[in-house]
Structure formats: structure tokens, C-alpha cells
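Atoms considered below: every heavy atom in the structure, side chains included; atoms not considered: hydrogens, waters and symmetry mates. We number each residue from 1, following the sequence as shown.
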Amino acid sequence: MHKSHISATAFLRSRRALALPLGVALVSAVAFLPGTASARPAAVPDAPASVSQALGLPSADAASMSYVVNVRPGKGSAERAKKAIAKAGGDVVIAYDKIGVIVVHSANPDFAKTIRKVKGVDSAGATRTAPLSAQADDALESERPLTAQEARAAAGKASAGQDELEPLQWDLPAMKADKAHKISLGSSRVTVGVLDSGVDDTHPDIAPNFDREASASCLGGVPVQKGDAWRPVAGESDHGMHVAGTIAAAKNGTGVTGVAPGVKVASLKVAEPATGMYYTEAVVCGFMWAADHGVDVTNNSYYTDPWLFNCKTDADQKALVDAVGRASKYAERKGAVNVAAAGNAKTDLAQDEILDESSPDDTTPVPRVIKTKDCLDLPSQLPGVVTVSATGAKGIKSSYSNYGNGVVDITAPGGDSTKYQAPNAPAVDGRILSTLPGGKFGYKAGTSMASPHAAGVAALLKSTHPHASASRIKALLYREADAMACTKPYDYDADGKVDAVCEGGRNKNGFYGVGMADALDAVRK
């Protein structure tokens, strides 16, 4: 049945900064959509020809752009392609021969068009629409920090065996993680890679579980470990830090407790410090580094900029789908379970068409109707990736969470406005409490927060079944989830109007997929 398209205007702002009622500060949820209001110049004179023509803008060769060129895997193919790349005016930044993805910089406005004609090139395209030298600052709004008074109150209510702030973490019992921890905290031989804005490994709740060897900065597509490059810099988004704490904050008597507090966490920095953009070359690097450094689970609480949806019918965007798809598949072949956020635009991703008014998000957005059969949110809608929707403290779909029958695989706590879904005492906030840089703690909400909960359960499963393949861990994750029937009618703000329609049955539906990720079953079965 044909479904009318729905605007995804909110898509853009929702992923980077999720606003919730009750006078709450904007909640950073980078994992869900492109950057917030990034630089919006009236024209993009330095964009490559293919992109400029699509946007109806002039092109010029004043500045370099970044591209991915996809060829057949293997050193021979890459070497042949490099000669053609140089001839077309491109400079190779790095070549991932194992998957046939080459990152290139070029000031030639016709570079992509030219290189696509070369024998052996499967696809090629610009990874952004803004030139490398024209990235504007687009800092994320901060979450609500935990107050000293709340911290003292929580510590006073903590029972034996609980960390001081654990009474505020309603999300742990929601997926039976508190019960799971009495059996197992997870194995230190298991590592979860956080592809995000960086992790502060000096935080008391992160330091005991940090995997330095598996951490790197992937900005620009090139892995760098020198100088603790994986850490967020001053003034940068604390999004990755919050995600890391949800996965593996140590159970050490203080602070918060992660879903898998005994496993290791690694930082794979893929978000541009100035813009908060997650570009293809960095995402490819993140997956490749994780795969080659023994990472067992990756968490992806973002979507790959600048396109909210990458359409395989567009030459540039097809190249991005190919590149990220190859990298994520490689990571899974090497044993990693890839987990990703579904997004925060309260949109049905199973519709035939969606109006995307936010792309490209690094220059001037141009409204377009996308056909969902041709266009993917990267990496969450790639084959093999676990797509996670969010629930609030009352156990129903979060007001903002995307959904879609056949798109959402599983659900996990992501938080919601306390007005809509208030937690039971002693918890006081409907959002998710986790770690922030500098030894601090704070609340955020979003599918960005749901994804690491599911990733934590996957890490517990890997701890219980150390020799299981990625596909086996995913099968267990789905089989052990607690089935959740559709919420009907779904009226999160109780105004008498249905806010979303859930399709599917009790065991698999558009709101919750196969159900709530179950941490207890993960450690005992």
C-alpha cells in the first residue's frame, strides 16, 4: 500500500540536538541525524560539478573537496586506480585495499565525473558539499548536568553493591541489567568501539575499562593514535562520552554503572570537532580500525553527513553507500556486531517516500522527496546493522524515536521528557544519566542513548559466548529480547490524538522490532 510521504525537516535538528519539553535544555543526540544548523552559505562555489549541478549552483575549482573512489578490493586494483586518480587531479589520502575504498582530495570540479569513467572504478563521489577549507562551527547544545544535590540524594539511597548514582538509572532495571550484574559484569576481553565525538579516558568511570590499543582518531579518514587523539577537545561535543558510559562505566562504587561494566570500551573519533559532522571517510576509517584491532561490537549513534538519506540512484551518494557498506561488512566479517541508532524525527522509516528538507546539511539544504527503497540512512539501514529504536521510563516508544516495520530491529531505553514518561522513584529524570568529560555526569535523551544500551547487551552476549560469530551474537540478541506488543493507541502527550501508528505483531513490529534488549538473558543463556 502506498503511503504518503512525510516531512523530515525535524530530522536534521533532532539527531544532533533533541529538544524535550518541561523547560529542559536541548538534549544532544548526535546519533540521529545530520548536524544542526551548520553553515548555510547562499551558494557553494567550490562544490564538485556533480553536486553543484544537482543543487543548481555554480562550480569552481578554488578549493579541494573530499571523495571516495571504490574499486575492486586488492592492492593491484588500488595501484591502477591511483594512477588514474593522479591524472584526474586527485591526491590519495589513504587507500583501504582490503575493501577497495580510496579517500581522495581534489580541487578538480570534474574529478568524480572523470574518475567514474575509468575502467575498474565501481563508483566515486564527493563525501561532502562544503569544501575542506569551509567548515563552519556548529556546536551541539549541552545536556542537563547532574546537580550536586541530586548526586548527594542518590548516593544516600544507593543500596549495597550499587554505584552512588545508580538509583537514578531507571534504564538499567528496564532491561534487567541490574539483575544481570549479580551474575556477570561482562568480560574484559570484550571491547566495544564507540564511533563518535571522542571519549575522555581520564574519567574515573571510564579509565578502568578503556582500551587504548583499539582507540584512534579517524578524522579525514586516516587513523591517528598519537597524542591521545581519540579524546574530545575543549568545547567539543560530549556525545561520545555519554555513549561510552552507558556501555561500560565501571562498577566501582562511585558514579554510574554501564550496561556491561566489565567490558572494555574504545574511542574511534569520527565526528569533526568544529562542525560535529560525521563524514564518510571518517566512518569508513572507524569501521576498518575497529575490525583490525579486535573490536567485538561497534556503536554508531549518528548518521553519515551530509545526506540524511543516501540514494543509490545518485552517483555521488551511491559511492558513499558503497564505501560505508563495504567497511561495515568488513567489520562484521572480522567478528564485530554493528549497532546503530534509528534516529529522532518520530518518522515512519517504512514509508514509500519521505520528504527530506535537511540535506545537504553542510551547505544549503534543498528539499527532495526520497524513495526509501533506493535511499538509506547510513549506517543504520545497511544490511547486517542492528537498528535500535528508543523507549522511555514508562516502557513505550519515546516521543521522538523513529520507527518502521521491517526497519527497526530491537528497542532499548533512550529516555524521554519526564513530562511524558516519568520514572519511578528514586529516579527523578526521564532521560538517561551517563558520563561526561572532566569526571562529570549528565542527562541526555535520544536513540543515540538507546543504541549503546543494545550494544552493551551485545557485549554481555559476547562475554557469555566468546567464540560466537557476529551473526550468532545478533541471533541471540534478537531471540532473547523481551517481546513488546504495539502500543495502540499511541498518544504520548495525552492530547487525544494518535501520534504514530505501529504496524506488525507482538513478536516483531515497527515500534520495538523484536522487543526490549534483555541483559539478564545475555549473561545466563
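Contact check on R144 versus D429 returns a salt bridge, with a Lys/Arg side-chain nitrogen under 4.0 Å from an Asp/Glu carboxylate oxygen. In this structure, E236 pairs ionically with K269, as a charged nitrogen and a carboxylate oxygen lie closer than 4.0 Å. A salt bridge is absent between D521 and K176; no separation between the charged side-chain nitrogens and carboxylate oxygens falls under 4.0 Å. A salt bridge is absent between D416 and K397: the closest approach of a Lys/Arg side-chain nitrogen to an acidic carboxylate oxygen does not fall below 4.0 angstrom. Ion pairing of K444 with D238 is present here, as a side-chain N (NZ or NE/NH1/NH2) and a carboxylate O approach within less than 4.0 Å.
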Query - Y278 and D196: CA distance, side-chain angles, deciding distance, side-chain hydrogen bond (donor to acceptor under 3.5 Å, both in side chains) verdict - result: CA-CA 8 Å; Y278 293 70; D196 217 297; 3.0 Å; yes
Query - CA sep, side-chain torsions, deciding dist, call: D499, K346, side-chain contact (heavy atoms from CB on, under 4.5 Å) - result: CA-CA 9 Å; D499 295 301; K346 52 187 177 186; over 6 Å; no
Query raised in the report: What's the verdict on side-chain contact (heavy atoms from CB on, under 4.5 Å) for I432 and T246, showing C-alpha distance, side-chain angles and the deciding distance?
Result: CA-CA 8 Å; I432 304 298; T246 294; 4.1 Å; yes
Query raised in the report: Checking side-chain contact (heavy atoms from CB on, under 4.5 Å) for the pair D491/V498: CA distance, chi angles, key distance, verdict?
Result: CA-CA 5 Å; D491 177 15; V498 173; 5.8 Å; no
Requested in this report: Could you go through the side-chain contact (heavy atoms from CB on, under 4.5 Å) check for V259 and I247 one step at a time?
Outcome: CA-CA 5 Å; V259 174; I247 295 167; over 6 Å; no
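The closest donor-acceptor contact from the side chain of Q351 to the backbone of D348 lies under 3.5 Å. With Y512 contributing its side chain and I410 its backbone, the two residues share no donor-acceptor pair below 3.5 Å. With S401 contributing its side chain and S398 its backbone, the two residues share no donor-acceptor pair below 3.5 Å. Under the 3.5 Å distance criterion, the side-chain polar atoms of S380 are left unmatched by any main-chain donor or acceptor of A340. In terms of modelled atom types and a separation under 3.5 Å, the side chain of T411 and the main chain of G515 share no donor-acceptor contact. Side chain of K474 to backbone of G384: a donor-acceptor contact under 3.5 angstrom is found. Counting only distance, with no hydrogens or angles, the side chain of N209 and the backbone of A248 share a donor-acceptor pair below 3.5 Å. Under the 3.5 Å distance criterion, the side-chain polar atoms of N402 are matched with a main-chain donor or acceptor of A342.
A 4.5 Å side-chain heavy-atom check between L520 and I183 finds at least one atom pair inside the cut-off. Within the 4.5 Å cutoff, no side-chain heavy atoms of V199 are placed close to those of R231. Y443 has its side chain within reach of L168: a pair of non-hydrogen atoms, C-beta onward, lies under 4.5 Å apart. Residues V194 and S267 have side chains not in contact (no heavy-atom distance under 4.5 Å, counting atoms from C-beta outward). With a 4.5 Å cut-off on side-chain heavy atoms, P413 and M175 count as touching. Two residues are said to be in side-chain contact when any heavy atoms from C-beta on lie closer than 4.5 Å; L433 and W170 fail this criterion. Considering only heavy atoms from C-beta on, E353 stays 4.5 Å or farther from T372 through its side chain. In this structure, the side chains of N252 and D163 come closer than 4.5 Å at one or more pairs of heavy atoms.
At most 12 non-hydrogen atoms from other residues, nucleotides or ligands lie less than 6.0 angstrom from NZ of K329. By the neighbour-count criterion of 12 heavy atoms within 6.0 Å, atom CG of D495 is densely surrounded, having more than that number from other residues, nucleotides or ligands. Residue R524 qualifies as enclosed at atom CZ: its count of foreign heavy atoms under 6.0 Å is above 12.
For residues 426-509, the set of pairs meeting the disulfide bond (SG atoms under 2.5 Å apart) definition, not counting sequence neighbours, comprises C486-C502.
Side-chain polar atoms of E166 and T257 form a donor-acceptor pair below 3.5 angstrom. For the 3.5 Å distance criterion, the side chains of T280 and T304 fail to qualify, holding no donor opposite an acceptor. The closest side-chain donor-acceptor pair between Y492 and K394, if any, does not fall under 3.5 angstrom. For the 3.5 Å distance criterion, the side chains of D292 and Y330 qualify, holding a donor opposite an acceptor. Side-chain polar atoms of Y403 and T347 form no donor-acceptor pair below 3.5 angstrom. Defined by atom type and a distance below 3.5 Å, a donor-acceptor pair is missing between the side-chain atoms of D205 and T435. At a cut-off of 3.5 Å, with distance as the only test, no side-chain donor of D356 or W307 sits close to an acceptor on the other residue. No side-chain donor-acceptor contact under 3.5 Å links T275 and E272.
Under the side chain to side chain donor-acceptor pair (under 3.5 Å) criterion, S451 pairs with N299, not counting sequence neighbours. Evaluation of the side-chain contact (heavy atoms from CB on, under 4.5 Å) rule for K462 yields V190, D296, I473 as partners, not counting sequence neighbours. The side chain to side chain donor-acceptor pair (under 3.5 Å) test applied to N405 returns no partner, not counting sequence neighbours. Remark: A214 engages T191, D211, A266, H293, V295 in a side-chain contact (heavy atoms from CB on, under 4.5 Å) (not counting sequence neighbours). Partners of H203 by ring pair (Phe, Tyr, Trp, His ring centres under 6.0 Å), not counting sequence neighbours, listed by chain and number: F441.
Annotation for H239 and S197: closest pair N-OG, 3.6 Å, computed over non-hydrogen atoms. Smallest separation of non-hydrogen atoms from V457 and A517: CG2-CB, 4.0 Å. Residues V233 and P273 share a closest heavy-atom pair of CG2-CB, 4.2 Å. Heavy atoms only, all atoms of each residue included: D305 and M277 are closest at OD2-CA, 3.1 Å. The two residues Q225 and A216 come nearest to each other via the heavy atoms CG-CB, 4.0 Å. Taking both residues in full, the closest heavy atoms of S463 and V263 are given as OG-CG1, 3.8 Å, listed atom of the first, atom of the second, then distance.
Between I354 atom CD1 and E357 atom CD the span is 12.0 Å, to the nearest 0.5 Å. Between the CG atom in L461 and the CG atom in L476 there is a gap of 5.5 Å [rounded to 0.5 Å]. To the nearest 0.5 angstrom, N338 atom CG is 6.0 Å from E332 atom CD. Between Q169 atom CD and Q162 atom CD the span is 9.0 Å, to the nearest 0.5 Å.
In this structure, Y490 has its ring center closer than 6.0 angstrom to the ring center of F511.
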